[in-house]
Every structure is written in structure tokens, then in C-alpha cells.
Amino acid sequence: MARQNTVFKEAYNRYAAALRTDTALPSEPEIAAQLGVSRSTARAILTRLSEEGIIRWNKRQKIVLRQPTDHDLFPSEETDSLHDIIERSFMQRILADDAAPGMQINELELAREIGTGTTSVREFLIRFSRFGLIEKRPNSHWTLKGFTREFALELADVREMFELHSAAEFGRLSRDNQSWADLAAIRDEHHAMLADINQRFKDFSVLDERFHLLIHRASKNRFIADFYDAIAIVFHYHYQWNKTAARQRNERAIHEHLDYIAALESRDQAAIETACRAHLHSARQTLLQSLPQIATETA
């Protein structure tokens, strides 16, 4: 329900922001197709617009009465892009089934779980399939091919090359760039998690993903941003594959992140490279150590 609520809020904001006074709105199926959501979500959007007095909804006739204001929209912190929602749900689905090779992924089931249309889910899976982790099967099914040691090593090599570049670019950002405030907020979240590590160590993978995504965005390189899909699924979520000594492993990674953040905030390129290399080396070793666990569980 939480994921469906997020999809609704994101789609509602997109649709409301584009409305113009005195225009007639199309049918529910057309709105659903336009937004890439389910018909039930489209209906919920129209219901809220009507309740807020933004549209007049009389059976098939839907007329925009007024231009929505910022007050009518959901806060940005309550919304994510549809791509981010699908990606997160996809990764959670894989984690729930221990990422076993041969696991079946059904487009319709995933779309229903998220509360979006199958077209958006299919587009995401097709885009993600080029990394070689999933394979298309007949009847809207996909198969998880699994993670091999060779795949992990190749991915680690490319990740290190890309992140070293992104980290260096981050250090060159102007001091008034929003990314510095975002980094400070993430630093504070690391300290808060560390203070309650016994209870919160399982939450680390989400914070890890946000931290590295922030760094990659500094590169402003479309290929690096595109590659991040594979990085997220393999590196940041491998913390949950092998649960052996998870608390100690995540606590160590938090300390590495704080050292990394301190280096970024120093804007010292040599310090940034040293901290980045140290953390990526540790992440590579942790990833490789998790692979035998996966093989054992799926044998």
C-alpha cells in the first residue's frame, strides 16, 4: 500500500501541475495510459482533484475549474519518480526471494504490487535486461539469471572507474551547490544510524544507495547515471544477501562512508581519491564474500 500511495502522489502531482483552467479531461483509461499508472490510480487522482475543487466531475464530463497551486500538490519528499518506484520494488522483489537464479518475475504481478501499469514495468525490465541479469521469457515473464563471480568482478572494475571520476567531480562542485547540503544531511543520517546501530543496521542498504547516487549525479555523465541501475542492484543491496555478521559489516561501512564524506567536504582531491579507493576496495571484498552464500542457498 505504501508503494501504491507513492505512485499515486507522484502521478497526481504530475497530472495536476499540467492542468489548465476550462479544459476538458479525457477518460480514465486515457489518463492512466498518459501517466503510466493503473486505472484505479487514475480514478483516485480524479477523485482527489474533484474533492479539492480543482475539477468538476459529472459522470463522463470532467472540466478543470481552477489552476492547481503549490498548496494542492503533495510535498516533494513524499514523492519519487515512477522509475525510482519501479526500480525499488523490483530490487525488493529480488531480495525477498534471495535472488535465486531461475526466479520468475511476472510483469503483471509486479505492476499490481506497485500500483502502476504493465507498460512502465515492461519498459523498466527491458532497459534493465541489457546488464545480463534477467532474461525475457514468453507470456510477460522474466527469469533472473543470477550473479556469477566473473560478473561481479567486471562490475566492480567499471564501478571503481566511474566512481573515482564522479567523486573527483563532486569535490569540484561550487560551494553553493545543493549537493553539499544533501551530503551534510546524509552525513547526519549516518551518525544517527551509528548511534542506534543495533536496531537500525538493516536499514543501511537504503542509505548506502542514496549516498552513492548523490556522488554519481555530480558527474553529470549520462552513461554513468545509466550504469547506476546495475550498481544499485548488485552493490548496494548485496548487504542483505549474506546476513552473516551483517551488523558488524554495516557498521564498518558507515565508518568508511563518514571518512569518505569528510574527504569530499575537504575538497582535497588526493584525500577524496584515497577515501574512495579504500571504500570501493572494501565493497568489492564484501560483494565477493557474499557470492558463495548465494551459491550455497540456491544449490
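Sequence positions, counted from 1, serve as the residue numbers for this chain.
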(message) If you apply the rule side-chain contact (heavy atoms from CB on, under 4.5 Å), what do you find for Leu183 with Ile215, and how did you get there?
(response) CA-CA 9 Å; Leu183 184 66; Ile215 293 173; 5.7 Å; no

Check whether any side-chain heavy atom of [X] lies under 4.5 Å from a side-chain heavy atom of [Y], and answer yes or no.
X	Y	result
Phe124	Leu110	no
Phe8	Val37	no
Ile63	Thr23	no
Arg284	Leu280	no
Arg249	Arg252	yes
Leu214	Ile186	yes
Phe74	Arg48	yes
Glu251	Leu194	yes

(request) Using salt bridge (Lys or Arg N to Asp or Glu O under 4.0 Å) as the criterion, list what pairs up with Arg43, not counting sequence neighbours. (result)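 In terms of salt bridge (Lys or Arg N to Asp or Glu O under 4.0 Å), with neighbours along the sequence ignored, Arg43 is linked to Glu28.
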
(request) Go through the structure and list residues passing salt bridge (Lys or Arg N to Asp or Glu O under 4.0 Å) with Arg14, not counting sequence neighbours. (result)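 Glu10.
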
(request) Determine whether more than 12 heavy atoms belonging to other residues, nucleotides or ligands lie under 6.0 Å from atom CG of Asn198. (result)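 Counting other residues, nucleotides and ligands, CG of Asn198 exceeds 12 neighbours.
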
(message) Looking at His255, I want to see if its NE2 is surrounded by more than 12 non-hydrogen atoms of other residues, nucleotides or ligands under 6.0 Å.
(response) yes

How long is the straight-line distance from [atom2] of [Y] back to [atom1] of [X], given to the nearest 0.5 Å?
X	Y	atom1	atom2	result
Leu108	Arg122	CG	CZ	9.5 Å
Gln269	Cys276	CD	SG	10.5 Å
Arg127	Ile86	CZ	CD1	10.5 Å
Arg200	Asp196	CZ	CG	6.5 Å
Asp22	Arg66	CG	CZ	13.5 Å
Leu35	Tyr15	CG	OH	7.0 Å

(request) Return the set of residues passing ring-ring contact (aromatic ring centres under 6.0 Å, His included) with Trp180 (not counting sequence neighbours), or none when no residue passes. (result) Phe170

Are [X] and [Y] linked by a side-chain donor-acceptor pair shorter than 3.5 Å?
X	Y	answer
Thr143	Gln104	yes
Ser166	Glu163	no
Glu107	Trp142	yes
His216	His165	no

(request) Verify whether the ring centers belonging to Phe162 and Phe223 lie closer than 6.0 Å. (result)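 Aromatic pair excluded; centres sit 6.0 Å or further apart.
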
Would a distance-only check, ignoring hydrogens and angles, find a side-chain to backbone donor-acceptor pair under 3.5 Å from [X] to [Y]?
X	Y	value
Gln67	Leu19	yes
Asn13	Leu73	no
Ser266	Ala263	yes
His71	Thr69	no
Asn139	His141	no
Asn58	Gln61	no
Thr286	Ser282	yes

(request) Give every residue pair that meets the salt bridge (charged side-chain N to carboxylate O under 4.0 Å, His left out) criterion with at least one member in residues 264-280, sequence neighbours excluded. (result)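 Residue pairs with at least one partner in residues 264-280: Arg187-Glu265, Glu273-Arg277.
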
(request) Can you tell me which residue pairs pass the salt bridge (charged side-chain N to carboxylate O under 4.0 Å, His left out) test with a partner in residues 170-182, sequence neighbours excluded? (result)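 Passing the test, one end in residues 170-182: Glu169-Arg172.
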
Under 3.5 Å donor-acceptor pairs involving side-chain atoms of residues 49-56, not counting sequence neighbours:
none

(message) Please evaluate residues Ile105 and Phe90 with respect to the criterion side-chain contact (heavy atoms from CB on, under 4.5 Å), reporting the C-alpha separation (whole Å), side-chain torsions for both, the decisive distance (0.1 Å), and the verdict.
(response) CA-CA 9 Å; Ile105 303 168; Phe90 172 70; 3.6 Å; yes

(request) Check the pair Ile197, Ile254 against side-chain contact (heavy atoms from CB on, under 4.5 Å), reporting the backbone distance first and the verdict last. (result) CA-CA 10 Å; Ile197 191 65; Ile254 290 173; 3.7 Å; yes

(request) Classify the angle between the aromatic ring planes of Phe211 and His257 as parallel (below 30°), tilted (30 to 60°) or perpendicular (above 60°). (result) tilted

(request) Kindly give the heavy-atom pair with the smallest separation between Ala11 and Ile45, and that separation in Å. (result)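 Heavy atoms only, the tightest pair is CB-CD1, 3.7 Å.
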
(message) By the definition side-chain contact (heavy atoms from CB on, under 4.5 Å), identify the one residue from Val121, Thr119, Leu125 that meets it with Glu123.
(response)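 It is Thr119, the one option of Val121, Thr119, Leu125 that forms the side-chain contact (heavy atoms from CB on, under 4.5 Å) with Glu123.
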
(message) For Glu160 and His281: C-alpha separation, side-chain torsions, deciding distance, then whether side-chain contact (heavy atoms from CB on, under 4.5 Å) applies.
(response) CA-CA 9 Å; Glu160 289 170 14; His281 175 75; 5.8 Å; no

